[in-house]
J.: 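Dropping a structure here in structure tokens format, bear with me for questions.
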Amino acid sequence: MTKILLSLHVLAAIIAVGPVTVAASMFPPAARRVGVALPVGAGGGTDAGDVGTVRLLHRICRVYAGLGIAVPVLGFATAAAMGVLGDAWLITSIALTAAAAGILVAFVLPRQEELLERLNGGQTVEHARTARLAMFTGLFNLLWATVTVLMIVRPGSTTGA
């Protein structure tokens, strides 16, 4: 049963968290390209097709963030089956996962929505806004990368990995 739970946990992480990290990383530069202060048709502005790309990236982030709930649920089930719930590496991973989720919900998704509203309204997007979003997105991605490394290395593991 442990191998099945672990497999589902890893698959959920790949399928749910992977798209969020990629789409969230693509969002700031895409919003920047769409929201530059040039007239539509002159290489800038808020062309409906370009805004559609930004809207799609935000939808991917929002939908897959919701699906991402399966990752910690399956992770807890796997940890319980393996008897490692009290291990320091797991507690650290849980804290980092919570921090990543908090950053996504409190900073990344709301800022994406704000920029998308500006673009839908035909307004330009200041570089500082996309830069702040990129910073929060980078922090979100760094936390997930750290959790991934902790899950693979697992200090004290007897698997040799």
Side-chain angles (χ1 to χ4, degrees), residues 1-35 53-120 125-161:
M1 186 59 150
T2 302
K3 289 182 181 184
I4 291 171
L5 286 171
L6 181 58
S7 296
L8 291 173
H9 172 62
V10 170
L11 282 170
I14 292 167
I15 293 168
V17 179
V20 175
T21 59
V22 173
S25 295
M26 293 173 64
F27 188 99
R32 195 175 300 129
R33 275 191 306 275
V34 174
T53 299
V54 177
R55 189 178 301 116
L56 175 63
L57 292 171
H58 175 62
R59 187 176 314 133
I60 289 169
C61 291
R62 214 177 53 242
V63 169
Y64 282 91
L67 295 175
I69 299 294
V71 177
V73 169
L74 290 166
F76 274 114
T78 303
M82 294 174 68
V84 297
L85 280 173
D87 288 8
W89 66 269
L90 183 66
I91 294 168
T92 303
S93 294
I94 291 167
L96 294 174
T97 298
I103 288 170
L104 181 65
V105 170
F107 297 103
V108 174
L109 293 175
R111 280 177 171 73
Q112 285 183 350
E113 289 169 8
E114 174 190 317
L115 290 174
L116 193 52
E117 285 175 16
R118 290 182 66 81
L119 294 173
N120 283 331
V125 172
E126 300 85 16
H127 184 272
R129 288 179 189 259
T130 59
R132 275 191 300 275
L133 175 58
M135 176 191 68
F136 287 121
T137 300
L139 185 55
F140 168 77
N141 291 343
L142 179 63
L143 288 169
W144 272 115
T146 304
V147 169
T148 302
V149 170
L150 279 172
M151 291 292 154
I152 293 168
V153 174
R154 299 184 326 266
S157 171
T158 59
T159 64

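Predicted model, so just to flag it, every value in this text is computed and none were measured. The figures here come from the full heavy-atom set of this structure, side chains too, leaving out hydrogens, waters and symmetry mates.
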J.: Measure the OG1-CG distance between T78 and L85 for me, rounded to the nearest 0.5 Å.
T.: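 If we round to the nearest 0.5 Å, T78:OG1 and L85:CG are 10.0 Å apart.
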J.: I'd like to know if R132 pairs up with E126 as an ion pair, taking the criterion as any Lys NZ or Arg NE/NH1/NH2 lying under 4.0 Å from an Asp or Glu carboxylate oxygen.
T.: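 Result for this pair is no, no salt bridge flagged.
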J.: So how far is it from L6 CG to M151 CE, rounded to the nearest 0.5 Å?
T.: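 Interatomic distance, L6 CG to M151 CE, rounded to 0.5 Å: 9.5 Å.
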J.: How long is the span from the CZ atom in R33 to the CG atom in L119, to the nearest 0.5 Å?
T.: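 These two atoms lie 11.5 Å from each other.
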J.: Under a 4.5 Å cut-off applied to non-hydrogen side-chain atoms, are T137 and F27 in contact?
T.: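 When only atoms from C-beta onward are counted, F27 and T137 do not touch, as no gap falls below 4.5 Å.
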J.: Taking the side chain as everything from C-beta on, heavy atoms only, tell me whether V34 gets closer than 4.5 Å to V125.
T.: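 A side-chain contact is absent here, since even the closest heavy-atom pair is not under 4.5 Å.
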J.: Please name the pair of heavy atoms, one in L5 and one in A77, separated by the smallest distance, quoted to 0.1 Å.
T.: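 What the structure gives for the nearest pair is CD1-O, 3.7 Å.
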J.: Please report the shortest heavy-atom distance between P19 and I14, naming the atom on each side.
T.: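 Heavy atoms only, the tightest pair is CD-O, 3.5 Å.
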J.: On the 0 to 90° scale, with breaks at 30° and 60°, tag the F136-F107 ring pair as parallel, tilted or perpendicular.
T.: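 The arrangement is parallel - the two ring planes meet at less than 30°.
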J.: Does a side-chain heavy-atom distance below 4.5 Å link I60 with V20?
T.: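 When only atoms from C-beta onward are counted, V20 and I60 do not touch, as no gap falls below 4.5 Å.
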J.: Counting only heavy atoms not in M26 (residues, nucleotides, ligands), do more than 12 fall under 6.0 Å from its CE?
T.: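 Counting neighbours around CE of M26, 12 or fewer heavy atoms of other residues, nucleotides or ligands fall under 6.0 Å, so no.
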J.: Set out, in order, the CA-CA distance, both residues' side-chain angles and the distance that settles side-chain contact (heavy atoms from CB on, under 4.5 Å) for R154 and L90, then state yes or no.
T.: CA-CA 8 Å; R154 299 184 326 266; L90 183 66; over 6 Å; no
J.: Would you give the length of the straight line joining atom OG1 of T130 to atom CG of L115, rounded to the nearest 0.5 angstrom?
T.: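 Going from OG1 on T130 over to CG on L115, the span is 7.0 Å.
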J.: Distance from L96 atom CG to I91 atom CD1, nearest 0.5 Å?
T.: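 It comes to 12.0 Å.
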J.: Can you name the nearest heavy-atom pair linking A12 to A70, along with the distance?
T.: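 So the two residues come closest at CB-CB, 4.3 Å.
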J.: Side chains of W89 and V153: closer than 4.5 Å at any heavy-atom pair?
T.: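 No, their side chains stay 4.5 Å or more apart.
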J.: If you look at every heavy atom in L104 and A65, which pair is closest and at what distance?
T.: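 Heavy atoms only, the tightest pair is CD2-CB, 3.5 Å.
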J.: Any heavy-atom pair between the side chains of Q112 and V108 that's under 4.5 Å?
T.: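 A side-chain contact exists here, since the closest heavy-atom pair is under 4.5 Å.
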J.: Begin with the C-alpha distance, continue with both residues' side-chain angles, and end with the deciding distance and a verdict on side-chain contact (heavy atoms from CB on, under 4.5 Å) for V17 and Y64.
T.: CA-CA 7 Å; V17 179; Y64 282 91; over 6 Å; no
J.: Assess the residue pair R59 and L56 against the criterion (side-chain contact (heavy atoms from CB on, under 4.5 Å)); give the C-alpha distance rounded to whole Å, side-chain angles, the decisive distance to 0.1 Å, and a yes or no.
T.: CA-CA 5 Å; R59 187 176 314 133; L56 175 63; 4.2 Å; yes
J.: Could you check whether any side-chain heavy atom of E114 comes within less than 4.5 Å of a side-chain heavy atom of P110, counting everything from C-beta outward?
T.: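 No - every pair of side-chain heavy atoms lies 4.5 Å or more apart.
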J.: Please name the pair of heavy atoms, one in A30 and one in L57, separated by the smallest distance, quoted to 0.1 Å.
T.: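 Smallest heavy-atom distance, with atoms named: CB-CD1, 3.9 Å.
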J.: Just how far is it from atom CZ of F140 to atom CD1 of I103, taken to the nearest 0.5 Å?
T.: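 The CD1 atom of I103 is 8.5 Å from CZ of F140, to the nearest 0.5 Å.
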J.: Can you check whether H58 reaches E113 side chain to side chain, under 4.5 Å on heavy atoms?
T.: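 A side-chain contact under 4.5 Å exists here.
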J.: Backbone N or O of N141 within a donor-acceptor pair of the T21 side chain at under 3.5 Å?
T.: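 No: the side chain of T21 does not pair with the backbone of N141.
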J.: Determine the minimum heavy-atom distance between L109 and R62, stating which atoms define it.
T.: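 Closest approach of L109 to R62, heavy atoms only: CD2-N, 4.1 Å.
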